[in-house]
Q: 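One structure, as structure tokens, below. Some questions next.
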Amino acid sequence: MEINSFAITHTDISGNIGGPPGYLFNLINSFNKTDCPDLLILDEEKNVNFNQNACLRERIINKIKDIFPSVRNVLYFFRRGFQYKHKYINIINNYKLIHAHSSEVVLFIRRFCKYRGIIVFTPHRPESIYEEVAHSLSNKRKYSILRVWFNYIEKESYKLSDAFVFPSKGAEHIYWDFPGYEKYGKDKLHKYLYTGLPIKKVTIEKKEYRKKYGIKGNCFIVTYIGRHSMIKGYDRLVKIYPELKQRGIEVVVAGGKGGIAYPLDSGWHELGYISDVPNLIHASDVIVIPNRNTYFDLIILEALSQGRIVISSNTGGNIDIAKETAALMLFDNNNETELLDLILKVSSLSSNDIMEKEKDAIRFYYNKCKMNIFSSNYLETIKLIKQSFDVY
């Protein structure tokens, strides 16, 4: 088998979101025709041909899906696992290495498909599986069975993986507190690979974009892009808005609304889901991503690729990126007043200081995250992992 023959798992491919879909969209599109490896792209949910037993399982699940979240989630996992087995069991064992991007898929490969080769795992969650699911439930009760179940899946995924690829050491570091990682994953082979992404085209000029959404043409704009959740720190921005308003600073927000109340004020602009994120970034003065915990935020890279100053917390991959560029400014995650201080600091920078930071943002992108650099570093990383396990 060729040194670059391997399989990648994913649940979807999209260039407009984060997590595995956004990561893999960028990776796959970073290869040119001459260096594109022999990739088997696995999708565990689409175009699955159910046999009779699978159809029976589906009907059973549909009948009891409304009982309570614990049963629904456990049954959903097994349904996907059987789908995965039905579609891929005769395919994946032809590959000596598979790169998985979720804990569930690691179990589907190893447990359901009885895969015997090397599993390389790149997790993408900024919080444990249980915490992520619990935050999505409308009923905020604590489901003890659900916690045990998802903690089991998470622990097993680290146990069953042979090696890990993280974007950076800071991104990996948050996993030390995740269920089972310190015991099963921390001492295994690790490689670090900065995520890459393309520079996306700006189609609307700054003044025109602001006019389109009723934003004052000459005011200082703070932009937040992402889920409206506590883990992303959306509430932190809401909290400091009165101080920003007093100084004539307006806030523009893109992303799905959650349960967190936000200011109903002319200076607070909620755009919802948008398809022209590059235009919003271009029209902004500073991008604020006040995460309480983070992995390796692609929106930060996208903002830096456009030469924008970014403010975020000193957590996860942010710590590593901030060492590489002065355009990413970090506040102490345990001192929220620093978020306001940094925004005010950026708003008072001279045009020369802003220009220098913006130039440094673009320099970082071209040196570390450009698409051809991403694909080249990825292939080299996979090659080194194969050599470590004597797999060719």
Side-chain angles (χ1 to χ4, degrees), residues 6-13 17-24 27 41-45 69-70 72-85 87-89 92 97-137 143-167 171-191 193 195 227 231 293-296 316-317 385:
F6 55 96
I8 294 178
T9 68
H10 69 95
T11 56
D12 186 18
I13 289 182
I17 57 177
Y23 178 96
L24 291 169
L27 175 63
I41 305 301
L42 306 179
D43 185 333
E44 75 269 20
E45 290 190 310
S70 298
R72 190 165 66 246
N73 278 279
V74 172
L75 290 175
Y76 180 63
F77 173 84
F78 279 97
R79 186 196 74 175
R80 291 174 64 201
F82 284 120
Q83 289 176 354
Y84 214 88
K85 176 182 178 181
K87 189 173 183 181
Y88 294 120
I89 192 168
I92 64 171
L97 182 147
I98 291 180
H99 188 183
H101 289 265
S102 76
S103 291
E104 297 92 333
V105 166
V106 172
L107 270 68
F108 296 159
I109 295 168
R110 195 71 91 192
R111 296 297 193 209
F112 286 83
C113 296
K114 308 300 180 183
Y115 179 67
R116 298 180 297 275
I118 302 301
I119 294 179
V120 178
F121 185 19
T122 294
H124 292 263
R125 289 181 169 95
E127 52 191 340
S128 71
I129 302 175
Y130 171 74
E131 289 172 338
E132 186 174 79
V133 172
H135 290 159
S136 70
L137 297 175
Y143 293 93
S144 57
I145 296 176
L146 207 60
R147 180 188 292 274
V148 171
W149 171 247
F150 282 122
N151 284 353
Y152 166 78
I153 291 176
E154 189 149 8
K155 291 174 184 177
E156 283 293 289
S157 70
Y158 304 139
K159 182 179 179 180
L160 297 174
S161 297
D162 300 291
F164 294 84
V165 173
F166 287 96
E172 181 212 347
H173 192 272
I174 69 170
Y175 280 79
W176 291 5
D177 294 326
F178 285 22
Y181 183 77
E182 186 171 11
K183 180 177 181 179
Y184 297 116
K186 188 177 175 183
D187 294 328
K188 291 182 178 179
L189 177 66
H190 288 75
K191 296 293 180 184
L193 169 72
T195 307
R227 287 181 293 138
I231 192 73
N293 207 7
T294 193
Y295 180 67
F296 199 82
I385 292 173

Q: Quick check: does any side chain N or O of Y88 sit under 3.5 Å from a backbone N or O of I109, one acting as donor and the other as acceptor?
A: no
Q: Just checking K183: does its NZ atom have more than 12 heavy atoms from other residues, nucleotides or ligands closer to it than 6.0 angstrom?
A: no
Q: Say you draw a straight line from CG of D177 to CD of E127; how long is it, rounded to the nearest 0.5 Å?
A: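 Taking CG in D177 and CD in E127, the distance rounds to 13.0 Å.
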Q: In the structure I gave you, are the side-chain heavy atoms of E182 and W176 within less than 4.5 Å of one another anywhere?
A: no
Q: Is there a donor-acceptor pair under 3.5 Å between the side chain of Y84 and the backbone N or O of I89?
A: no
Q: Within the structure provided, determine whether F164 and Y158 are in side-chain contact (heavy-atom separation under 4.5 Å).
A: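 The answer is yes, as the side chains (C-beta and beyond) meet within the 4.5 Å cut-off.
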Q: Is there side-chain contact between F166 and Y175, with at least one heavy-atom pair below 4.5 Å?
A: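 Yes, close enough: below the 4.5 Å cut-off.
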Q: Could I get the full list of side chain to side chain contact (heavy atoms under 4.5 Å, CB included) partners for P126, not counting sequence neighbours?
A: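 Once residues adjacent in sequence are excluded, the partners of P126 under the side chain to side chain contact (heavy atoms under 4.5 Å, CB included) criterion are E132, R227.
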Q: What heavy-atom pair brings V106 and S157 nearest, and what distance separates the two atoms?
A: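 Taking every non-hydrogen atom into account, CG1-O, 3.6 Å.
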Q: Determine the minimum heavy-atom distance between E172 and Y181, stating which atoms define it.
A: OE2-OH, 2.9 Å
Q: What's the shortest heavy-atom distance between K159 and K188, and which atoms?
A: O-NZ, 2.8 Å
Q: What I'd like to find out is whether the side chain of F150 reaches to under 4.5 Å of the side chain of I153, using heavy atoms alone.
A: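 Yes. Closest side-chain heavy atoms under 4.5 Å.
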Q: What do you reckon, are the aromatic ring centroids of F77 and W149 less than 6.0 Å apart?
A: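 Between F77 and W149, the centre distance is under 6.0 Å.
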Q: Between F108 and R80, does the side chain to side chain contact (heavy atoms under 4.5 Å, CB included) criterion hold? Intermediate values first, please.
A: CA-CA 8 Å; F108 296 159; R80 291 174 64 201; 3.6 Å; yes
Q: Are a donor atom and an acceptor atom from the side chains of T122 and H99 found within less than 3.5 Å of each other?
A: yes
Q: Over all heavy atoms of both residues, which pair between S103 and I129 is shortest? Give the atoms and the distance, please.
A: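 Heavy atoms of S103 and I129 come nearest at CB-CD1, 3.6 Å.
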Q: Does P179 offer a backbone N or O that forms a donor-acceptor pair with the side chain of E154 under 3.5 Å?
A: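 Absent.
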Q: What pairs meet the salt bridge (Lys or Arg N to Asp or Glu O under 4.0 Å) rule with one or both residues in residues 107-121, with sequence neighbours excluded?
A: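 Salt bridge (Lys or Arg N to Asp or Glu O under 4.0 Å) check on residues 107-121 returns R110-D162, R111-E156.
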Q: So does F121 get a backbone contact from the side chain of S161, meaning a donor-acceptor N/O pair under 3.5 Å?
A: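 Not at all, since once roles are kept as given, no pair shorter than 3.5 Å links the two residues.
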Q: Looking at side-chain heavy atoms only, is the closest gap between I98 and I92 below 4.5 Å?
A: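 Counting from C-beta outward, I98 and I92 do come under 4.5 Å.
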